[in-house]
Amino acid sequence: MISKIYTLLYQQYGPQGWWPIQGVYKTKKEYTAQERWEIILGAILTQNAAWKNVEKALQNLPTTDPQVLKNNPQVSTWIRSAGYFNQKTKTINSTIAFFQQYPTLQEAAQDKELRQKLLQVKGIGPETADSILLYALQQPYFVVDTYTKRIFARVGVTKAKVGYEKIQQQIHKKIDTKNFNEFHALLVEHAKRHCTKQNPRCTDCPLNRVCTYAKTHK
DNA sequence: TACCAGGTCCTCG
DNA sequence: CGAGGACATGGT
């Protein structure tokens, strides 16, 4: 069923080309350090926030250079629009300090225990850690977000309340590593276009033939 | 007005 | 563990 969801969404929406920063990354395979930091910052800023507000915050930053941002008192005002700006400022500082133990981000990516270590950083939970690993460092971890949980629960793949690692493992078993990036992006697009929290649009939903929720909510 | 948006931490039972 | 509250802005 998980593979079927991927196929149906890909047929409907086509390649998404994430991570979504003003279209810049859509054709790139290798990122510069500056671009990787922009992704890391975006991953932190988007915690329970609308992406539009995150973009605004990123545009307010004069740079994504961690040396400039670290412990910079202006950061909390620059990122204000993303919400929770006091917490996120601390998380940004902690994350910059964390990565400074590595010579480069590329070398951090070689650390086999990087995920576990990232989860020790206050403010970095499983979703943010996996967003950093997958999108900034190209490591094979699927990003489970609120959209993934909602769509899977409605379709009937998972129970309403299943843990993060559990649902991630199911996806890791069924989806090819090279498509983790694309699948997550497709789920986000689908959640916004059809599988909204309130009043989902099931009538013309590309998943309605395989969805438990759609069958009971016409 | 109330609710939602690509979470995480802390506390309590 | 799991539930519940705190953290904060901007759009509808």
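So you know, we letter chains A, B, ... as the sequences are listed, proteins then strands, and number each from 1.
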Inter- and intrachain pairs under salt bridge (charged side-chain N to carboxylate O under 4.0 Å, His left out), touching residues 193-207 of chain A, at least two apart
A:E189-A:R193, A:R201-A:D204
Holding to side chain to side chain donor-acceptor pair (under 3.5 Å), I want the full list of residues that pass it with A:E182, two or more places apart in sequence or in another chain.
none
Using a 4.0 Å heavy-atom cut-off across all strands, classify A:V144 as base, sugar-phosphate, or nothing.
nothing
Name the nucleic acid region contacted by A:E127, choosing base, sugar-phosphate or nothing; use a 4.0 angstrom heavy-atom cut-off, strictly under.
sugar-phosphate
State whether A:K122 places a side-chain N or O below 4.0 Å from either non-bridging phosphate oxygen (OP1 or OP2) of B:dC10.
yes
Which ones in residues 174-183 of chain A lie close to DNA chain B, meaning a heavy atom under 4.0 Å from one of its atoms?
none
By a strict heavy-atom criterion of less than 4.0 Å, which residues belonging to residues 185-193 of chain A are in contact with DNA chain B?
A:V188, A:K192
Among residues at least two apart in sequence or on other chains, which ones pass side-chain contact (heavy atoms from CB on, under 4.5 Å) with A:E107?
A:P103, A:T104
Rounded to whole angstroms, how far apart are CG on A:N48 and C1' on C:dG5?
13 Å
For A:Q74, enumerate each residue passing the side-chain contact (heavy atoms from CB on, under 4.5 Å) test, keeping only those at least two apart in sequence or located in another chain.
A:N72, A:T77, A:W78
In chain order, what residues pass the side chain to side chain donor-acceptor pair (under 3.5 Å) check against A:E165, with sequence neighbours excluded?
A:R115
Could you list, one pair per line, each protein nitrogen or oxygen that sits under 3.5 Å from a nitrogen or oxygen of nucleotides 9-12 of chain C, together with the distance?
from	atom 1	to	atom 2	distance (Å)
C:dT9	OP1	A:R80	NH2	3.3
C:dG10	O4'	A:N53	OD1	3.3
C:dG10	O4'	A:N53	ND2	3.1
C:dG11	OP1	A:K56	NZ	3.3

Enumerate the side-chain hydrogen bond (donor to acceptor under 3.5 Å, both in side chains) contacts for residues 80-95 of chain A, please, sequence neighbours excluded, ordered by first and then second residue.
A:N48-A:Y84
Heteroatom pairs (N/O) under 3.5 angstrom, protein to nucleotides 1-4 of chain B:
from	atom 1	to	atom 2	distance (Å)
B:dC3	O3'	A:Q198	NE2	2.9
B:dC4	OP1	A:Q198	NE2	2.9

Set of side chain to side chain donor-acceptor pair (under 3.5 Å) partners for A:E127, sequence neighbours left out
none
Of all of residues 163-170 of chain A, which get a heavy atom below 4.0 angstrom from DNA chain B, listed by number?
none
